Amino acid sequence: MVRRPNDPEHSRFASLVLLLVALFSCLLVYAVVSTLLNPTVNPQDSSFESLESVAGIDFGEKKGECCRGIENLELWGAAVKWGSDFKFNSSVECCQACKAMCSGNDGPCLCDTWVFCGNKDACGSRFGECWLKKQKDTLSPDRQEAGQTVSWASGIVFGKGEGIVEMETEYGTLHIKLFPDCAPYSVTYILELLTLRHCAGCQIYRAESRGQSWDPQGNHIKDASYGPPFALIQGILEAQGTPFKKIPMEACPTIRRGSVAWIGSGPEFFISLANHEEWKNSYTIFGSVLSEDMEIAEKIAQLPTKSDVWNNINVSVLQRPIPLVMRRMKKSLGDVNTNMKSE
């Protein structure tokens, strides 16, 4: 239901054939859903790479909780738990130990970074070491080293009121809570955007209301269709002049009202105005718009549009695209409601 406007129709069938060849039978259901819903079927955009990578990713889910990091990365920072005396069998346990120190409501997290050595051959006697650290600036984490020779995996944890960025539009500013524990690669890209002076080319170009299919809370109305309209606003987050590297598929929660997700491997994205359980885990959710800002997204969805057809799907394209600027949040918002529901 969320597609790029320039996808050739014939590539959908070619993509399906390649997916059936490349993926194991356990990924067949996922491949079919992705082919039907995702716009990642352009033969030039190597969309199959992100789907095939799912087979090799340990999502680290435990009772529905996201707890992932980035392999071959060592983040620096002041140690709050020394790994030489603090060991686990998996990076998930290390991540959860950091989260346990970031569950209070009375100030910043005591731990916002975990670093784990999980390769037995490369780590040797350091295998299982879990270093819990504290960054000076979680939106600009301190890297020690990265690359294939690095045996560490690292992740970031944002507490309440932390890890919130601003997506500024002429109709208001959308505050987005990032999910580094669900989508660490995606969040890394967003943090890189924050370092740029501008985001020329970043914009929202499609807007579709909830129509008669979803209520104001985003719940699907019984016996109603699932679109069109599809209850979303869609755009692109790619700064002109800055090379974009495709983001691997990362999935944890299903699409909820306020979810911010990539279309395929990015840089196209959408903000959902409704709960889309029917889309399962077909999209990488890397953040969620704060509930108090959803009225801005709703306002954009009501702007003048023109009809178009993308891969035989009727869509509504904004008559005038809306430029975006990504910024760091100027101050903490404290406890926030991110509309996220873990599965």
Side-chain angles (χ1 to χ4, degrees), residues 24 49-50 52-104 107-160 162-163 178-192 194-195 245-252 284 286 342:
F24 295 103
E49 180 179 350
S50 65
E52 292 169 346
S53 67
V54 174
I57 293 178
D58 178 8
F59 282 159
E61 295 182 24
K62 183 177 182 181
K63 296 181 179 180
E65 182 181 25
C66 291
C67 229
R68 302 179 202 137
I70 295 179
E71 296 292 333
N72 307 121
L73 170 67
E74 182 182 4
L75 293 178
W76 212 232
V80 295
K81 281 281 189 180
W82 288 74
S84 54
D85 303 317
F86 197 60
K87 294 190 176 185
F88 289 107
N89 293 320
S90 71
S91 61
V92 173
E93 293 174 288
C94 184
C95 168
Q96 290 173 338
C98 184
K99 281 190 172 184
M101 300 178 69
C102 191
S103 59
C109 296
L110 297 177
C111 169
D112 54 33
T113 305
W114 57 267
V115 181
F116 180 76
C117 202
N119 186 316
K120 287 185 178 181
D121 294 332
C123 295
S125 61
R126 307 197 72 173
F127 173 71
E129 287 190 7
C130 172
W131 290 79
L132 303 187
K133 303 180 179 182
K134 179 71 176 174
Q135 295 290 328
K136 292 181 179 179
D137 182 359
T138 52
L139 292 182
S140 182
D142 187 7
R143 291 192 176 201
Q144 172 69 359
E145 56 181 339
Q148 292 300 316
T149 60
V150 178
S151 56
W152 301 92
S154 299
I156 293 289
V157 173
F158 290 142
K160 293 184 178 181
E162 299 178 328
L178 299 176
F179 300 154
D181 49 348
C182 289
Y185 291 94
S186 301
V187 170
T188 295
Y189 174 72
I190 297 299
L191 297 185
E192 290 173 354
L194 297 181
T195 65
K245 183 178 180 180
K246 295 187 179 301
I247 299 169
M249 184 68 190
E250 304 173 286
C252 209
T284 292
F286 60 87
S342 297

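Just so you know, these numbers come straight off a predicted model, no measurement behind them. For reference, positions follow the sequence shown, starting with 1.
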Sub-2.5 Å SG contact, Cys102 and Cys111: no
Residues that Lys134 engages under salt bridge (charged side-chain N to carboxylate O under 4.0 Å, His left out), provided they are two or more places apart: Asp112
Asp121: partners by side chain to side chain contact (heavy atoms under 4.5 Å, CB included), with sequence neighbours left out: Asn119
Atom NZ of Lys87 with >12 non-hydrogen neighbours under 6.0 angstrom: yes
Any residue meeting side chain to side chain contact (heavy atoms under 4.5 Å, CB included) with Asn89, in chain and number order, not counting sequence neighbours: Glu93
By side chain to side chain donor-acceptor pair (under 3.5 Å) - contacts of Thr113 (at least two apart): Gln135
Heavy-atom pair with the smallest gap, counting every atom of Val80 and Lys133: CG2-N, 4.0 Å
Minimal non-hydrogen separation, Cys130 against Phe88, with atom names: CB-CD1, 3.7 Å
Reported CZ-to-CZ distance for the pair Phe179 and Arg68, which is rounded to 0.5 angstrom: 12.0 Å
Tabulate below the donor-acceptor pairs under 3.5 Å that side-chain atoms of residues 144-155 make, not counting sequence neighbours, or state none.
residue	atom	partner	partner atom	Å
Ser154	OG	Leu73	O	2.6
Ser154	OG	Leu75	N	3.1

CG-CG distance between Leu178 and Leu194, expressed to the nearest 0.5 angstrom: 7.5 Å
Non-neighbouring partners of Ser84 that pass side chain to side chain contact (heavy atoms under 4.5 Å, CB included), sequence neighbours left out: Trp82, Glu129
Nearest-0.5 Å distance, CG of residue Leu191 to OG1 of residue Thr138: 8.5 Å
Beyond-backbone contact of Ile156 with Val187, side-chain heavy atoms, under 4.5 angstrom: no
Heavy-atom check, side chain of Val115 versus side chain of Cys94, under 4.5 Å: no
Nearest-0.5 Å distance, CG of residue Leu132 to NZ of residue Lys81: 7.5 Å
Intermediate values then yes/no, side chain to side chain contact (heavy atoms under 4.5 Å, CB included), Ile70 and Thr188: CA-CA 10 Å; Ile70 295 179; Thr188 295; 3.4 Å; yes
By side chain to side chain contact (heavy atoms under 4.5 Å, CB included) - contacts of Cys95 (at least two apart): Cys67, Lys99, Trp114
Pairing residues for Phe127 by the ring pair (Phe, Tyr, Trp, His ring centres under 6.0 Å) criterion, not counting sequence neighbours: none
Residues which pass side chain to side chain donor-acceptor pair (under 3.5 Å) with Glu74, listed by chain and number, not counting sequence neighbours: none
Qualifying residues under ring pair (Phe, Tyr, Trp, His ring centres under 6.0 Å), relative to Tyr189, sequence neighbours excluded: Phe244, Trp262
Glu250 (side chain) donor-acceptor with Ser186 (main chain) under 3.5 angstrom: yes
Min side-chain heavy-atom separation Phe116-Val92 under 4.5 Å: no
Closest non-hydrogen atom pair, Glu162 against Cys109: OE1-SG, 3.6 Å
